[in-house]
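First up is the structure itself, then whatever we jot down about it.
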Amino acid sequence: MKYNPQKIEKKWQKQWEKEKLYEAKDFGHKNYMLLAEFPYTSGNLHMGHWFTYSIADIYGRYLRMNGYNVMYPIGFDAFGLPAENAAIKHGSTPEKWTKKNISNMTKQLHSIGAGFDWSRVVDTSDPEYYKWTQWIFLKLYEAGLAYRAKTFVNWCPHDKTVLANEQVIDGKCDRCGNIVEQRELSQWMFKITSFADVLIDDLEGLDWPETTKIAQKNWIGRSEGAKIKFPVKDQEHAVEVFTTRPDTIFGATFLVVSPELAKKWIEIGWKASQEVIEYISTSLRKTELQRQEESDKTGVFAGFNAVNPMTEKEIPIWVGDYVLGGYGTGALMAVPAHDQRDFEFAKKYTLPIKEVVLNEGDFIGKANESEGVLINSDGFDGMPSVEAREKITQALKDKGLGEFHKTYRLHDWILSRQRYWGAPIPMIQCSECGYQPVPVEDLPVKLPKLTDFLPVEGGKSPLARSEKWVKIKCPKCGGPAERETDTIDTFVDSSWYFMRYTDPKNEQELVSKEKMDKWLPVPLYIGGREHNTMHLLYARFITKALNSLGVIEFPEPFLSRRNHGVIMGPDGKRMSKSKGNVIDPDTEVDKYGADSVRMNFAFLGPFEQDYAWNSNNIGGVNRFLNRVWNILERFNDKQRTVKEAREIDVAISRAVKDVGNDIKQHKFNTGVSGLMKLVNSLEAEVGEGKLSKENTEKILKVIAPFAPHITEELWQEVLGNSDSVHLQSWPEYDEILLDQELITLVIQVNGKLRDTLQVKPGISEDEVKNLALVSDQVQRSLEGKEPKKFIYIQNKLLNIVI
RNA sequence: GCCGAGGUGGUGAAACUGGCAGACACGCCAGCCUUAGGAGCUGGUGCCCGUAAGGGUGUGUGGGUUCAAAUCCCACCCUCGGCACCA
């Protein structure tokens, strides 16, 4: 019979599902949730999904064979803007479109032949799921961690919705690529900033890629310094600034406030000049991108002065849009001698520049931003700048005008979306009582079915159009009230889905304590780098928030994290329909079978790296599987000599040991090469038909994690076993046998390879020397000279120095 | 600008704590088989010299440590990624 993957793969996929072979039982022992990011439902499965799910599956199968109770769950990230946009584009509704995708993806997921636990599927757009997303919102609201506030937000004019900072890349919408505008709107937010410190500090204990940790640290962007108050001349109030260089305060010759802060001052009664008002409104009309791209700094004198609390001298206050409204206090003390941006501003508007830190070097025409010794700073002269930071802040603190302060680049997470396809925010607005939470017993707040769900300009959610749905009684006073019409950001849905896998049908709680204790936190999470500062940060925040509220008992969701690479098109560019370089996994499966596709991904190389799709590679592993089939299918257990039996045992032992170690270390590529070596040596040295049944079984077991279908077929149909190969234990290997094998000892002369010797392990130095010195090769290289020195490394090499 | 990761054949890559560089494949070349092959099998394949045996050379560049360096140290070049008018 010929190897026919299409036929045997479908057969076993059905059989496995029928037998519920991969459903995880809630044991209390060696439980292991193997988490791979669930797919987003805007389309079908692509090569990237296949890559992730195949390599994770290899690892999962290996763990199962080593006695772990593995849960390999799968679900669907089904809500959100991209799914809604795709539905609009295809003239469908988000619900129909998503359902259709889920059903097709389910078929595709089965075709991988992965050991998914289909009894635990979650769908974030299912009311039974988003009920708990809404519950989490209410929990955080009760605790003051969810709040509503008016701020400047990122508005995508194309998608007609607010975006979180994490969803803005280079000033553009993460999803559609349009330039994002700034608008001032009232939005619901999560107080992620109150966890900023632990989100940085707890990274230390995690087994995560260093790159991901650093990306998160950079994203949170902690800086330490001081908040300092500069009293306004002849007035009650003061301008507060944040600085990381309080040591340079004696050189602060003016203040600059952001247009955002200046606007707030006007709102509370400041009578600004016409020039200032115009400057502010021009600046605020600019997009974030425009403001960043301007190299030339602009500003305008505010019309009044502040007092430098250290020098007690009057300094002017300016409004300038190089100062960001959303960072620190929205105002800064300008030290033109020691900050390049302030220097440029001072040069342009001829403001005074005063040097206060002395150090060697030429700083003509630019600011000196390095550390040094203080000058022109009264009692602090001669003090190193690092020390002066402490002392000056302390001095200011004593005056009641300063304090040590940390500030963060991270902003609170804006979770309101003015779009249809999401979980409604469970809040009710009453004209008498203000915002009131939906009572928990009324959850879920179901998303109403709308015929017209398209987004509109102006910041109103489509849900506002369903009057029947919007109108409701106030849960507090019973008077007329309205539902909140914005929906929850999809990233909230996906920030807790892994918890739900442990207890997907629980109607009483998010997750029962019993299940949580058995499965969480997640020991290993495999996913894409694009989530470094989005999903992974959000999931950590939600975990920490729920942990602080006593809902869950662990402070970190994912103990180890591995990022997988991206599968590019054959041209080395990201696959996309517009580039016409998309390779469809289904086509490859039809052609070569799932086992070949899986093995191809394992064999590519380290799975953290990106790869261009190369159709030749898959031909290689397909050829390999054909050879496996041909050798093992004709299994007939002929007589073999002692020597042959030993050679077979050595080859198998070596594979069991090496391949096992490779999988354990996630080195799937060398694992495959180990299997290829095994088959090569069996073919070359022994030929077909000389494997015992025991030999054959061991071989199938080590291939099984990589190619589950072909091994199952051979295991059951050819060897006649009645249970699955995937329920077997990982085979034992004979360490002593491996230790007795001849080793290749390297003979060098002056560090250059001249000969090799096949010797028994443990051979003595003298024996090696004698063998080496009679070698023709060695003699020729010695050129008649006397060896000065011998370097001998046991079982490795002899280096003769002349 | 700051921070991080990485540079090994024509290609993907391998090389455990410094110890045979290029395992395992892809591709290519030659041969066998075949009416045919985007099938199969056998052999070869870093580069240079040589029919060969063999010799030289070789892991981004330059230097260093060592009996011995892809691996350790110093300087530099290049590629990719994160942050960036962040005070």
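So you know, we letter chains A, B, ... as the sequences are listed, proteins then strands, and number each from 1.
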Considering only atom C1', compute the distance from B/A70 to B/G9 and round it to an integer number of Å. 14 Å
In terms of the angle between their ring planes, are A/Trp413 and A/Phe541 parallel, tilted or perpendicular, with boundaries placed at 30° and 60°? perpendicular
Interface residues of residues 664-677 of chain A with RNA chain B (non-hydrogen, below 4.0 angstrom): A/Lys667, A/Asn669, A/Thr670, A/Ser673, A/Met676, A/Lys677
Sugar-phosphate only, base, or nothing, as touched by A/Lys752 at under 4.0 Å among non-hydrogen atoms: sugar-phosphate
Can you label the angle between the A/His666 ring and the A/Phe668 ring as parallel, tilted or perpendicular, going by 30° and 60°? parallel
When you compare B/U11 with B/G4, how far apart are their P atoms, in angstrom units rounded to a whole number? 30 Å
Testing A/Lys347, A/Arg291, A/Lys348 for salt bridge (Lys or Arg N to Asp or Glu O under 4.0 Å) with A/Asp296, which one passes? A/Lys348
Quick one: A/Asp610 CG to B/G12 C1', roughly how many Å, whole number? 13 Å
Taking N and O atoms by type only, does the side chain of A/Lys297 place a donor or acceptor under 3.5 Å from a partner on the base of B/C85? yes
Write down the partner of B/U65 under the Watson-Crick or G-U wobble criteria, each distance required to be under 3.5 Å. none
Which base, if any, makes a Watson-Crick or G-U wobble pair with B/G43, both distances under 3.5 Å? B/C29
Please determine if a side-chain N or O atom of A/Asn630 lies less than 4.0 Å away from the OP1 or OP2 oxygen of B/G40. no
Take atom NZ in A/Lys573; do more than 12 heavy atoms of anything else shown fall under 6.0 Å from it? no
Rounded to whole angstrom, note down the C1' distance from B/C29 over to B/G10. 13 Å
Proximity to the side chain of A/Arg627 - top-ranked nucleotide from B/G19, B/A87, B/A25: B/A25
Considering only the P atoms, how many Å lie between B/A25 and B/A75, rounded to the nearest integer? 42 Å
Phosphate contact (B/A87 OP1 or OP2) by A/Tyr327 side-chain N/O below 4.0 Å: yes
Base, sugar-phosphate or nothing for A/Ile793? Non-hydrogen atoms, less than 4.0 Å. base
Plane angle bin for A/Trp318 and A/Tyr349 - parallel if under 30°, tilted between 30 and 60°, otherwise perpendicular: tilted
A/Asn600 CG to B/C24 C1': how many Å, rounded? 14 Å
Would you say a side-chain N or O of A/Arg654 is under 4.0 Å from OP1 or OP2 of B/A23? no
Under 4.0 Å: is that the gap between some side-chain N or O of A/Gln340 and OP1 or OP2 of B/G1? no
Rounded distance in Å - CG (A/Asn622) to C1' (B/A25): 14 Å
B/G40 and B/C26, which share atom name P, separated by this distance in whole Å: 10 Å
Regarding A/Val323, tell me which of base, sugar-phosphate or nothing describes its non-hydrogen contacts under 4.0 Å with the strands shown. base
Under 4.0 Å between a side-chain N/O of A/Arg623 and OP1 or OP2 of B/C26, yes or no? yes
Can you check whether A/Gln340's main-chain N or O pairs, donor with acceptor, with A/Glu369's side chain at less than 3.5 Å? yes
Look at the side chain of A/Pro606 and decide which nucleotide, out of B/G12, B/A14, B/G4, has an atom nearest to it. B/A14
Across the strands shown, which category fits A/Ile791 at heavy-atom distances under 4.0 angstrom: base, sugar-phosphate, nothing? base
Rounded to whole Å, how long is the line connecting atom CH2 of A/Trp613 with atom P of B/C26? 15 Å
If you count every heavy atom of other residues, nucleotides or ligands that lies below 6.0 Å from A/Lys354 atom NZ, does the total exceed 12? yes
What does B/A87 pair with, Watson-Crick or G-U, if both distances are under 3.5 Å? none
What distance, rounded to whole Å, do you find between the two C1' atoms, one in B/C20 and one in B/G7? 24 Å
Write down the distance separating the P atoms in B/A30 and B/G38, rounded off to the nearest Å. 15 Å
Rounded to the Å, how far apart are A/Ile214 CD1 and B/C2 C1'? 12 Å
Which nucleotide in B/A87, B/A13, B/G82 has an atom nearest any side-chain atom of A/Ala215: B/G82
Go through B/A13, B/C3, B/G19 for me and flag the one nearest to the A/Lys796 side chain. B/G19
For nucleotides B/C76 and B/C67, find the distance between their C1' atoms and express it as a whole number of Å. 29 Å
Please walk me through it: do A/Tyr792 and A/Asp766 pass side chain to side chain donor-acceptor pair (under 3.5 Å)? CA-CA 10 Å; A/Tyr792 179 68; A/Asp766 286 341; over 6 Å; no
Using the purine O4'-C1'-N9-C4 or pyrimidine O4'-C1'-N1-C2 torsion, is B/G82 syn (within 90° of 0) or anti? anti
Pick base, sugar-phosphate or nothing for A/Tyr408, based on heavy-atom distances below 4.0 Å to the nucleic acid. nothing
Listed nucleotide nearest any side-chain atom of A/Gln609, set B/A13, B/G55, B/G19: B/A13
Which is true for A/Arg222 with a 4.0 Å heavy-atom rule: it touches a base, it touches only sugar-phosphate, or it touches nothing? nothing
Scan A/Gln748 against the nucleic acid and name what it touches under 4.0 Å (heavy atoms): base, sugar-phosphate only, or nothing. base
Could you tell me the separation between the CG atom of A/Asn614 and the P atom of B/G10, rounded to a whole number of Å? 17 Å
Among the candidates B/G12, B/C20, B/A84, find the nucleotide nearest to the side-chain atoms of A/Phe603. B/G12
Classify the angle between the aromatic ring planes of A/His405 and A/Phe242 as parallel (below 30°), tilted (30 to 60°) or perpendicular (above 60°). perpendicular
Closest-nucleotide 5' rank along RNA chain B - winner of A/Leu753 and A/Lys591: A/Leu753
My understanding is that a pair needs two contacts under 3.5 Å, Watson-Crick or G-U wobble. By that rule, which nucleotide pairs with B/C2? B/G82
Check the distance between B/A53's P and A/Gln779's CD and give it to me in whole angstrom. 22 Å
Above 12 or not: heavy atoms from other molecules or residues under 6.0 Å from NZ of A/Lys397? no
Quick one: does NZ or CZ of A/Arg598 land under 6.0 Å from the six-membered ring centre of A/Trp50, within 45 degrees of the ring axis? no
For A/Arg780 and A/Gly620, find the nucleotide of RNA chain B closest to each by heavy atoms; which residue's nucleotide sits nearer the 5' end? A/Gly620
Classify the nucleic acid contact of A/Thr533 as base, sugar-phosphate or nothing, counting any heavy atom under 4.0 Å across all strands shown. nothing
Tell me: CH2 of A/Trp219 to C1' of B/A84, nearest whole Å? 11 Å
Opposite nucleotide pairing with B/C24, Watson-Crick or G-U, both atom distances under 3.5 Å: B/G12
base_contact_polar (B/C26 base, A/Asn616 side chain, donor-acceptor, <3.5 Å): no
Pair A/Glu260-A/Lys264, salt bridge (charged side-chain N to carboxylate O under 4.0 Å, His left out): steps then yes or no: CA-CA 7 Å; A/Glu260 287 86 351; A/Lys264 275 191 192 131; over 6 Å; no
